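Structure record follows, encoded as structure tokens.
Computed from a predicted model, the values in this text were never measured in an experiment.
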Amino acid sequence: MDKTEILKALAHPTRIEFLEWMKEPERNFSDQAHPLSMGICANQFEKRCGLSQSTVSAHLSTLEKAGLLKINRVGQWAFYHRNEDTIATFLDELRSTL
């Protein structure tokens with residue numbers, strides 16, 4: 001886990017918002033056609049925030065590279081899950097450091 005990369009990823013409010021939405025997928029992505037257990041499809045973020053596909057993809061990629069998201073690829077589709085282990089470790093380290 002790279003704290004600096006995580007902090008950089010969290011520096012953009014949209015990425016924080018994505019993580020917040022993913023914390024309650026049933027509430028925020030209930031119209032997804034695929035089961036939420038597969039993860040959240042990238043197009044769900046586009047619908048919810050109104051940003052372009054390329055912008056959403058860039059935000060999701062940044063979160064994934066920082067280790068905050070896991071990706072599950074099924075054919076042409078990409079489904080995202082929060083990486084709760086990394087998030088918990090980061091928060092614990094942040095608490096002990098600051």
Side-chain angles (χ1 to χ4, degrees):
M1 179 194 73
D2 184 341
K3 285 189 289 189
T4 303
E5 285 304 310
I6 291 174
L7 289 168
K8 286 179 187 176
L10 295 176
H12 197 289
T14 298
R15 293 192 284 264
I16 293 173
E17 198 169 41
F18 282 11
L19 289 169
E20 288 173 349
W21 293 341
M22 294 176 79
K23 195 170 186 176
E24 297 180 281
E26 296 81 12
R27 178 175 162 218
N28 296 301
F29 301 105
S30 61
D31 64 338
Q32 178 171 287
H34 295 51
L36 292 171
S37 60
M38 293 176 70
I40 309 303
C41 188
N43 72 351
Q44 292 294 310
F45 294 96
E46 295 168 38
K47 289 180 190 177
R48 186 157 172 90
C49 67
L51 297 172
S52 70
Q53 182 270 329
S54 61
T55 301
V56 168
S57 291
H59 284 311
L60 292 170
S61 177
T62 299
L63 290 168
E64 182 191 5
K65 287 177 184 169
L68 298 170
L69 295 182
K70 296 179 189 177
I71 188 168
N72 177 27
R73 295 196 184 276
V74 180
Q76 68 183 24
W77 303 102
F79 296 90
Y80 295 86
H81 294 273
R82 287 168 46 109
N83 186 341
E84 298 297 345
D85 292 339
T86 298
I87 292 169
T89 301
F90 170 72
L91 292 174
D92 288 344
E93 248 188 72
L94 202 56
R95 278 186 205 101
S96 68
T97 305
L98 299 178

Item to check | Tyr80-Phe18 aromatic ring centre distance below 6.0 Å | outcome: no
Item to check | Worked verdict on Gln53 versus Ser57 for side-chain hydrogen bond (donor to acceptor under 3.5 Å, both in side chains) | outcome: CA-CA 6 Å; Gln53 182 270 329; Ser57 291; 2.9 Å; yes
Under 3.5 Å, side chain of [X] to main-chain N/O of [Y], donor-acceptor pair present?
| X | Y | value |
| --- | --- | --- |
| Arg15 | Ala9 | yes |
| Asn72 | Phe79 | no |
| Glu64 | His59 | no |
| Asn28 | Trp21 | yes |
| Arg48 | Phe29 | no |
| Thr62 | Ala58 | yes |

I need the [X] [atom1] to [Y] [atom2] distance, nearest 0.5 Å.
| X | Y | atom1 | atom2 | value |
| --- | --- | --- | --- | --- |
| Glu84 | Met22 | CD | CE | 9.0 Å |
| Glu46 | Ser54 | CD | OG | 9.0 Å |
| Ile87 | Asp92 | CD1 | CG | 12.0 Å |
| Leu69 | Thr86 | CG | OG1 | 10.0 Å |

Item to check | Pair Ser52, Thr55: side-chain N/O donor-acceptor within cut-off below 3.5 Å | outcome: yes
Shortest non-hydrogen contact from [X] to [Y]?
| X | Y | value |
| --- | --- | --- |
| Leu10 | Ile16 | O-CD1, 3.0 Å |
| Pro25 | Ile40 | CB-CD1, 3.7 Å |
| Ile6 | Ala66 | CG1-O, 3.4 Å |
| Val56 | Ala42 | CG1-O, 3.9 Å |
| His81 | Leu36 | CE1-O, 4.4 Å |
| Ala78 | Ile71 | CB-CD1, 3.8 Å |

Next on the checklist: Do Leu63 and Leu51 sit in one hydrophobic cluster, given that two such residues count as connected whenever their side-chain heavy atoms are within less than 4.5 Å of each other, even indirectly?
Outcome noted: yes
Next on the checklist: Applying a strict under-4.5 Å side-chain criterion to I, L, V, M, F, W and Y, I'd like to know whether Met38 and Leu60 cluster together.
Outcome noted: no
Checklist entry - Is a salt bridge present between Lys3 and Glu93, judged by a nitrogen-to-oxygen distance below 4.0 Å? => result yes
Next on the checklist: For Glu5, is there an ion pair with Lys8 - N to carboxylate O distance below 4.0 angstrom?
Outcome noted: yes
Checklist entry - Near Lys47 NZ, under 6.0 Å, is it more than 12 heavy atoms from other residues, nucleotides or ligands? => result yes
Checklist entry - How far apart are the C-alpha atoms of Cys41 and Gln32, what are their side-chain angles, what is the distance that settles it, and do they pass the side chain to side chain contact (heavy atoms under 4.5 Å, CB included) test? => result CA-CA 8 Å; Cys41 188; Gln32 178 171 287; 3.6 Å; yes
Checklist entry - Under 4.5 Å between any side-chain heavy atoms of Pro13 and Glu17, yes or no? => result no
